[in-house]
Amino acid sequence: MSAPAPSVYSSDAQRQIARLGLEKGRANLEVFAETVQALAEQDRDVLAVTSDSRGSGKLKPFGQALPRQIVEVGIAEQNLVGVAAGLASTGKKVFAVSPGCFLTARSLEQIKNDVCYSDVPVNVVGISAGVSYGALGSTHHSLHDFAALRAITNITILAPGDNRETQAAVRWAASHAKPVYLRFGKAAMYDLGESSVPADPRQAMVLRDGTDVALIGTGEATIHCLLAAALLEEEGVEARVLSVPCVKPLDIDAIMGAARVCRAVVVAEEHSIHGGLGEACATVLLTAGVTPAFRIVAIPDEDTYTGSQAEIFSHYGISMEGIVAEARDALAAQGATL
Amino acid sequence: MTGSQLSNHDLQVKSLEYRRDILRCIYGAGAGHTGGSLSCVDILNVLYNRVLNVGPANWDDPNRDRYVQSKGHSVEALYVVLADQGFFPAEQLSTLCHGGSPFVGHPTRKVPGIEMNTGALGHGLPISVGMALAAKLDHAPYRVFTLLGDGELAEGSNWEGAMCAAHYELENLTAIIDCNTLQITGRTREVCSNEPLDEKFAAFGWKVIEVDGHSIEALSQALISRASGQPTCVIAHTIKGRGISFMEHVVSWHHGVPSEAEYGQALEELEAQLCELKGVAT
């Protein structure tokens with residue numbers, strides 16, 4: 001019998017999950033597929049375009065229920081995005097679905113020109129993003145997508161943190177007449193415990209109030225910020241937790257608000273340390289002259305460690321423990337006593 | 001727009017006038033893609049004056065025909081033809097590539113009549129596949145045309161699109177190859193041969209038609225026709241720099257800009273051709 005798959009949640013983290021009463025949901029990817037199918041059932045102009053990716057995109061039920069509304073182009077990501085742009089230019093509401101690693105690298109020029117520059121409302125959906133594919137290696141990781149897309153004008157970048165954020169993001173994207181990038185992982189996600197999720201995912205959400213340190217997360221890293229805050233609370237540190245499902249445009253007021261009341265800021269993301277949410281926040285804060293102790297918890301600029309998503313997260317400290325350690329270090333740098 | 005009663009002779013006159021206007025634009029801007037604009041302008045002439053059901057009057061009609069210029073660098077030809085169609089006043093072309101002008105050096109939707117922004121090669125065919133697929137899904141009557149350069153066919157995305165178009169049996173899609181056999185480095189055959197083009201497209205499942213890309217009548221027949229159950233590829237054999245003696249077949253005119261003397265000579269040559277054409281007709 002093989003050993004159980006490693007978890008990104010240590011026993012201590014699981015204790016905090018229980019203490020906070022967080023419910024385990026499904027993979028954001030599954031919720032995306034279910035939501036887009038529900039939208040497509042109501043609107044025959046909603047189309048999914050796939051590159052031999054309906055299985056990994058959890059879109060097989062969509063294809064079976066609505067065969068006219070799924071367009072298969074085979075393993076051809078450049079064509080995927082070009083076809084999606086052509087369809088969208090005629091008024092179709094298109095979700096172009098492919099692994100984030102290929103979609104935002106091989107077909108980056110199609111995203112830049114055919115979608116963003118031509119201004120057609122394609123929803124570019126990067127599935128199994130970040131290091132979701134784990135030990136399959138760097139060919140299958142998308143740790144560059146925020147950076148690449150942030151430098152392209154006319155696209156909203158969304159990385160929902162839980163199932164409810166995912167559902168809101170997909171519904172918003174379907175009705176938004178501009179290009180959108182949606183990034184989903186395939187790990188089952190805990191509910192972030194928000195009382196309500198705004199219909200507009202560009203709005204960041206304060207998951208927990210606090211004035212010592214701000215923990216800012218996006219996508220599948222956000223839950224670890226929440227758990228870190230719970231652990232810090234036991235040590236007498238009050239952490240504010242901000243869920244930022246929208247990497248661009250950034251909710252500047254929310255970032256500034258958190259940084260102004262806290263002595264330290266830690267940003268966590270499943271991305272390269274270069275060009276992601278962390279650097280986006282740093283730019284906003286420095287430009288405004290707000291200079292708390294600042295740390296980014298992300299994947300360093302190196303040949304990525306081999307392992308499952310959980311093992312990679314643990315290795316690089318994208319975890320409750322890793323974020324707590326950075327928070328302590330940042331607060332210590334500010335002369336605060338823990 | 002289709003429905004016009006312009007004769008072949010009328011269109012031949014237009015082709016010479018378009019060539020004159022292309023050179024005026026490029027000379028005024030001090031920039032442009034001269035050789036390719038002159039090679040493809042007869043194709044655009046036939047498309048807009050005889051084939052496409054599109055014009056300023058029906059631009060918002062979802063059932064208008066679509067044209068996507070994949071070889072975006074030959075934008076001067078497209079701008080000149082769109083001005084003649086009444087999409088915008090021709091005088092505006094004097095701002096080509098000037099600071100703040102909507103007339104960018106590659107097709108942009110800032111300019112009325114442009115469907116999609118192009119210029120990076122290998123993009124127009126997949127986009128056109130998407131448009132044609134949308135028509136097929138909705139049983140809409142419109143057709144989709146795209147213009148590619150022969151050198152452009154080295155971009156692999158074209159072949160992804162070609163495969164997809166045949167898979168979906170897009171009989172409402174026509175890809176036209178402006179086969180002028182030259183690209184910026186030299187002969188396409190020598191840079192990276194893509195011959196035999198006809199066999200390649202046929203093998204990908206397309207109906208292939210080869211025509212003289214400067215013959216109004218041959219282009220008309222090829223572009224009006226449509227295949228059954230498969231997309232059409234029209235290989236238009238053209239001459240880069242067509243119509244100006246010292247530009248024809250000369251690779252440096254890919255994006256060469258005429259000097260004052262060269263511009264004067266080119267206009268004289270076109271005027272002489274125009275006189276000859278009108279003389280023949282009278």
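Within every chain, numbering begins at 1; the chains are lettered A, B, ... in the order of the sequence lines, protein sequences first and strands thereafter.
- B:Gly161 and A:Asn79 make their closest contact through CA-OD1, 3.3 Å (heavy atoms, listed as atom of the first residue, atom of the second, distance).
- For a residue to count as touching a neighbouring chain, one of its non-hydrogen atoms must lie under 4.5 Å from one of that chain's; by this rule A:Glu72 touches chain B with backbone and side chain alike.
- A:Glu109 and B:His123 share a donor-acceptor pair across their side chains, judged by distance under 3.5 Å alone.
- Taking the side chain as every heavy atom from C-beta outward, A:Ser89 and B:Met116 approach each other to under 4.5 Å.
- Annotation: side chain of B:Arg109 is in contact with side chain of A:Val120 (closest heavy-atom distance under 4.5 Å).
- Neither the backbone nor the side chain of A:Ile75 comes within contact range of chain B; no heavy atoms are under 4.5 Å apart.
- Around atom CZ of B:Arg226, more than 12 heavy atoms belonging to other residues, nucleotides or ligands sit under 6.0 Å away.
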Checklist entry - Stepwise, does the side chain to side chain contact (heavy atoms under 4.5 Å, CB included) test hold for B:Arg66 with A:Thr90? => result CA-CA 10 Å; B:Arg66 266 74 168 178; A:Thr90 71; 4.1 Å; yes

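- Note: B:Thr118 OG1 to A:Asn113 CG = 9.0 Å, rounded to the nearest 0.5 Å.
- Residues B:Asp138 and A:Arg68 are paired through a salt bridge, judged by an N-O separation under 4.0 Å between the basic side chain and the carboxylate.
- The line from SG of A:Cys116 to CG of B:Asn117 is 11.0 Å long, rounded to the nearest 0.5 Å.
- Ranked by heavy-atom pairs under 4.5 Å with chain B, the first of A:Val49, A:Val73, A:Val94, A:Val71 is A:Val71.
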Next on the checklist: A:Leu87 vs B:Leu133, test: side chain to side chain contact (heavy atoms under 4.5 Å, CB included). Steps then yes/no.
Outcome noted: CA-CA 7 Å; A:Leu87 287 163; B:Leu133 198 52; 4.2 Å; yes

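- Of the listed residues (B:Val129, B:Val144, B:Leu137), the greatest number of heavy-atom pairs within a distance under 4.5 Å of chain A belongs to B:Leu137.
- For A:Gln78 (side chain) and B:Ser157 (main-chain N/O), no donor-acceptor pair under 3.5 Å exists by modelled atom type.
- For B:Arg64, the CZ atom counts as densely surrounded, since its 6.0 Å shell holds more than 12 non-hydrogen atoms of other residues, nucleotides or ligands.
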